[in-house]
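The chains referred to below are lettered A, B, ... by the order of the sequence lines, with proteins before strands, and numbering in each begins at 1.
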Amino acid sequence: MLLDTIKKELAAVALSTEEEVSAEDLAATETPETVERAEGEAPAEAPEGKEEEKPRPPIMETDYRAKGFHLDVQVAPDKVVEAAKILYKENFFIEAVTGVDWLKEEEFEVVYDYNNMAELCRVVVRTRVPRSTPQLPTISEVYAGANWHERETHDFFGIEFMGHPDLSPLLLPEDADFHPLLKDYTP
Amino acid sequence: MNPIPEVLRLVIYLTCLILFAALNAAYLVWVERKGAGHIQRRIGPKEVGPFGLLQPLADGIKLMTKQLFLPAGVDPVLFKVAPILLLVPAVMSFVTIPFSETLVARDINLGLLMIFAFASVNVLGVLIGGWASNNKYAVISAARAVSQNVAYEIPMLITVITMVMVTQTMNLNEIVMQQPNIFKWYVFRFTASPLMPVAFLIFFICSLAETNRAPFDLAEAESELIAGAYTEYPGMGFGVFFMGEYANIVIGCAVTTILFLGGWQCPFGLAPGWWWFLAKLYLLIWTVVWIRWTYPRVQFYALLNLSWKVLIPISLVNLLLTGAMIKVF
Amino acid sequence: MSEFALSQTQETFVMNLGPQHPATHGVLRVKLTMDGEYVVRAEPVLGYIHRMHEKMGENRTWAKFLPNTGRMDYLHALAYNHGHVMAVERAAGIEVPERAEYLRVITTELNRISSHLLWFGAFVLDLGGFTPLLYAFDDREQILDLLEGVTGSRLTYCYYRFGGVYNDVEDDFLVGTKAFISRLRSRLPMYHGLVTKNIILIKRLKDIGPIPPDMVTRYGATGPVARGSGFNFDLRKNEPYSVYPEFDFDIPVYTECDSMARYMVRMDEMEQSMRIIEQAIDKLPEGPVKAKKVPKTLKPPAGDYYCAVEAARGSFGVRIVSDGTNTPYRLKLRSPTYSNLSLFEEASEGMLLADALALMGSLDLVIPEIDR
Amino acid sequence: MSGYFTELFTGTKSLAIGLGITIKAFFQPVVTLQYPYETLEMKPRFRGHIQLTQDEETGESKCIVCGMCQKACPTGCITVAGKKPEGSKKKALTRYILNFTTCSLCGQCVESCKPNAIEFSKDYNLASFDKNDFIFDLLKRLKEKS
């Protein structure tokens, strides 16, 4: 099955929990479930017991019916290109690239959505970059379609994709120097 | 012998012809819009006057009262000359058109030749207009118009040569007189060449292409080139272009009528006169309108392919066949 | 016509196609570098009606984002409603009654037909034929009337709610829909006679604007663009959502990769949508149209969720990142045409201007959806 | 070579079919509605701007000033105010302002209204040169109606 094959192949690039895990990376592998909004009006919703849960494995199959995707892979920022190459070899196509601003953890999460046309298999590749130096390599050489998605992510979050051919604002005005989807952005 | 001096007669005729061309342009727009409306199952203009009949007047007033400004960077002389260059040859061509046996401004022996001489000039109007506009869309349009006209002049003239071989005259009135009834119309003159209906079609298609009409309206393809060579023209500059376009359509259809459909002759040999000519003319013009609102636009290479691969070979075959027929019979 | 070799020494000029141009159907600007009539480089410039829906989503509750979804793809607004509603239902674990699902399918498929009809007209208009546009509008108007009777609006629908639909349909809608389907069935041969089989149109679309399968994968193109390049990929079949598995329908796939293939895919899809609607009306169960247990203030458990639907132009995906509060932490909207248009630059290289516009028309652009 | 003639023939035939279709349409009745002279009746569910419903007995508004519509509105275009009259338990509506310029007609206010105090109107002729014309005082409109 495609899911098993791709899981096996992606395990090579997924963030490994045993070796070379710095304190920062540990935070990265933490489940986003424990995150609460800074000024949420109703903070009591997240159950207390959740914090005792183990950190999420870097590569895991998710419950498709509940989540909407099959495989969730955490990779180091410099491994996204390798992951993209593996997925490209298996004829996956890129659906979207986007970012999430985790203000509390001072990190950006960059999320790559892949899907396969032959057999339904949605793979989510995520990586975390520090908010102060949001840099990671571009995958637009593997997936030409990622070009615009990365430009859009750069527009909205200011995440820099190293080696990207043209990171000028795409959806925002040409002279825009702001990044509206940052949680601390005020117009 | 003639009560009216020749010069005065010509002036009167010319005035009437210019009026005829202008009125035709105005009301052909109305016919076009009304026809398009009903073909698309709506009614078209209806507000100004009964059935929208005064709409052309309103449009004309609007165009005339608009400011005639020169866009930045245009060539001021050529920009103004271009619309006239399109309209004048068209009006000039009317001079030799026989509306009836006697109703003709100047019955000259080389009428057919003169019309085609003028027809070749009018493309200059589009070319100069497009060039002078200092607009990239207009330049592309001008280039398209010229190459299209050159490509379609060839099959058209080959067909005309065939016709001249058959009629043995270039006098339009004489050509009409050779076709007294429907069986003697050149479109059905199978004794001259069995390919006569095809020749008629070729000539009609070529006149569509020569007048930049849909589906050959590449020069003003509105979904590609906005309004082509006319993009920059304001007010009456555009209006004159428009008049020239429609005058060209009338000329094209008039020549088709004269060459193939017996001009002012009645199909049944009864009461020949200008009314028959006009009836046939407007029937053809209606066909032009009908075609416009039916087909999508052809692509440029398809246009040239049609000319070089279909129209020219067939018209050449027709030419040879006609020559052989004349030789044999 | 890509055999034309571009020479380096030749002079090129830059032409702006848009933001106001008849062929872009909205405020899209394409910066064309032209060599005569040949396109050397076509660079789409986006963002003229960018409204930052994603930020708006972060600042309002889940339910308050509903009207926004209808304003992205104004031609297939109900699919966008559906995508958002389904994503939130998945996150919050809301069960939808069966009748509501059927109503969603009927209305969204009607909307899909109306979207394809408008595309059909506008595409032929791009190619210079004006009349088919108004014939298509005539039919589309019937759909809008039907949908107006149900949803209350004609274009930017806001009909689906979390756990169901806004209100139940009446019988005259079902009768009217059936009448419309038999009407459209009789009109489609007319469209094919007037347009599809027309030699001029065939000459303009056949082998024009090839999008090879490899390009589809690299750019992530979906919808009719992928299906015209030989991919049997339709989320209604591949990722069966709602009650689509209950129906018997086919996915039209053409392997020619040219503009004609994309054209045929959409024309055939209309017929398939009609089949779905007919079956849905026949099977329509009785029951409530709204789930009972929908909390007033939705607070989906924290985590991220993805949900995609097949809109008229491709797969529309909604990624939700919830932090357990009543507003989304992050709402990512993946619009299909954004990916579809991004391949235009590569696909249009070396084409004639008119062919490039035919290719652009065959991608079926809706600019508000690209710009979001 | 035979392909050449086949294409010529089928092409000409397809063009003739096209002409036949358009000329048939030419003689068919028009389908458009001559708008200012003819109008359609609005569908019962047509969503115009909202208006207050009338209590059949009292002729007053049914509104209980709970503020649910104001809360449900995505764009915040509804402003409701009310106060308790002397000796009454229930609040009475004193002001209901709809800023129609930002309304997106989503229907969430009508849906959220428990006492059915608001409904969609059937007005669609709403063009105006002045933006202020679209800030509706619905209570005033209700009084004018009754």
Side-chain angles (χ1 to χ4, degrees), chain C residues 56-57 59-71 81 129-132 134-135 137-139 141-142 144-159 161 166-170 172-173 187 189-203 290 296-297, chain D residues 4 6-26 28-33 35 40-50 66 68-78 102-112 114 116 119-122 124:
Chain C
M56 278 192 239
N59 285 313
R60 47 183 66 185
T61 60
W62 303 93
K64 283 182 180 179
F65 190 68
L66 276 173
N68 285 50
T69 54
R71 278 157 179 83
N81 275 195
F130 196 89
T131 304
L134 285 148
Y135 291 169
F137 260 73
D138 185 9
D139 284 334
E141 210 56 23
Q142 313 280 330
L144 295 190
D145 283 347
L146 286 169
L147 288 177
E148 186 192 359
V150 183
T151 68
S153 30
R154 290 177 76 83
L155 197 67
T156 49
Y157 310 107
C158 181
Y159 178 53
R161 293 290 188 268
Y166 183 75
N167 44 19
D168 204 351
V169 298
E170 280 145 25
D172 60 343
F173 167 72
R187 295 268 288 185
M190 186 269 280
Y191 290 137
H192 287 306
L194 181 62
V195 180
T196 315
K197 289 182 187 143
N198 189 305
I199 183 82
I200 299 175
L201 189 103
I202 293 173
K203 288 266 172 198
K290 215 166 178 188
K296 259 224 176 91
T297 39
Chain D
Y4 175 84
T6 329
E7 198 185 350
L8 207 63
F9 179 72
T10 52
T12 319
K13 200 179 138 202
S14 76
L15 295 180
I17 289 170
L19 282 179
I21 287 168
T22 41
I23 200 69
K24 225 167 96 193
F26 182 80
Q28 274 167 345
V30 296
V31 291
T32 48
L33 185 84
Y35 165 59
L40 284 177
E41 202 176 310
M42 286 292 111
K43 298 264 160 74
R45 283 189 193 167
F46 174 76
R47 293 186 190 172
H49 67 82
I50 53 168
C66 60
M68 285 308 283
C69 47
Q70 195 174 340
K71 228 172 171 179
C73 182
T75 51
C77 57
I78 298 172
T102 58
C103 176
S104 55
L105 298 169
C106 63
Q108 298 200 37
C109 46
V110 177
E111 207 179 13
S112 71
K114 283 269 146 21
N116 289 330
E119 62 176 8
F120 292 115
S121 68
K122 303 282 167 281
Y124 58 91

*Determine, step by step, whether D/Thr22 and C/Tyr135 satisfy the side chain to side chain contact (heavy atoms under 4.5 Å, CB included) criterion, reporting the C-alpha distance in whole Å, the side-chain angles of both residues, the deciding distance to 0.1 Å, and the verdict.*
CA-CA 10 Å; D/Thr22 41; C/Tyr135 291 169; 4.2 Å; yes
With chain D, which of [options] has the greatest number of heavy-atom pairs at distances under 4.5 Å?
options                              : result
C/Leu66, C/Thr61, C/Thr156, C/Asp145 : C/Asp145
C/Asn167, C/Asn198, C/Asp138         : C/Asn167
C/Ile200, C/Ile202, C/Asp168         : C/Asp168

Check whether [X] gets within reach of chain D through its side chain, its backbone, both or neither, counting any heavy atom under 4.5 Å.
X        : answer
C/Tyr157 : neither
C/Arg154 : neither
C/Val195 : neither

_Does D/Glu41, at its CD atom, have more than 12 non-hydrogen atoms belonging to other residues, nucleotides or ligands within less than 6.0 Å?_
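It does not: D/Glu41 CD has 12 such atoms or fewer within range.
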*Around C/Lys197, counting heavy atoms of other residues, nucleotides and ligands shown, do more than 12 lie under 6.0 Å from its NZ?*
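Open.
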_So for D/Thr12, is it side chain, backbone, both, or neither that comes closer than 4.5 Å to the heavy atoms of chain C?_
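Neither part; nothing is under 4.5 Å.
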*Contacting moiety of D/Lys122, where chain C heavy atoms sit under 4.5 Å*: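 Neither the backbone nor the side chain of D/Lys122 comes within 4.5 Å of chain C.
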*Can you measure from CD1 (D/Ile21) to OG1 (C/Thr131) and round to the nearest 0.5 angstrom?*
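The distance works out to 11.0 Å.
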*When rounded to the nearest 0.5 angstrom, what is the spacing between OG1 in D/Thr75 and CZ in C/Arg60?*
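D/Thr75 atom OG1 to C/Arg60 atom CZ measures 7.0 Å (nearest 0.5 Å).
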Please report the closest heavy-atom contact between [X] and [Y], naming both atoms and the distance.
X        : Y        : answer
C/Ser153 : D/Arg47  : OG-NH1, 4.5 Å
C/Pro67  : D/Gln108 : CD-NE2, 3.7 Å
C/Ile199 : D/Ser14  : N-OG, 3.1 Å
C/Leu194 : D/Gly18  : CD1-O, 3.8 Å

*Mind checking whether D/Lys24 and C/Met190 have side chains closer than 4.5 Å, heavy atoms only?*
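No; the side chains remain at least 4.5 Å from each other.
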_Within the 4.5 Å heavy-atom criterion, are D/Arg45 and C/Tyr166 side-chain neighbours or not?_
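Heavy-atom side-chain distance check fails, nothing below 4.5 Å.
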*asked:* Please enumerate all residues that pass ring-ring contact (aromatic ring centres under 6.0 Å, His included) together with C/Tyr191, with sequence neighbours excluded.
replied: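 For C/Tyr191, the residues satisfying ring-ring contact (aromatic ring centres under 6.0 Å, His included) (neighbours in sequence not counted) are C/Phe120.
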_Strictly distance-based, threshold 3.5 Å: is any side-chain N or O of D/Lys43 a donor or acceptor partner for the main-chain N or O of C/Leu147?_
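Not confirmed, D/Lys43 side chain does not pair with C/Leu147 backbone.
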*asked:* For residues 6-15 of chain D, which residue pairs pass the salt bridge (charged side-chain N to carboxylate O under 4.0 Å, His left out) check, not counting sequence neighbours?
replied: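 Applying salt bridge (charged side-chain N to carboxylate O under 4.0 Å, His left out) to every pair that reaches into residues 6-15 of chain D, excluding sequence neighbours, yields C/Lys203-D/Glu7.
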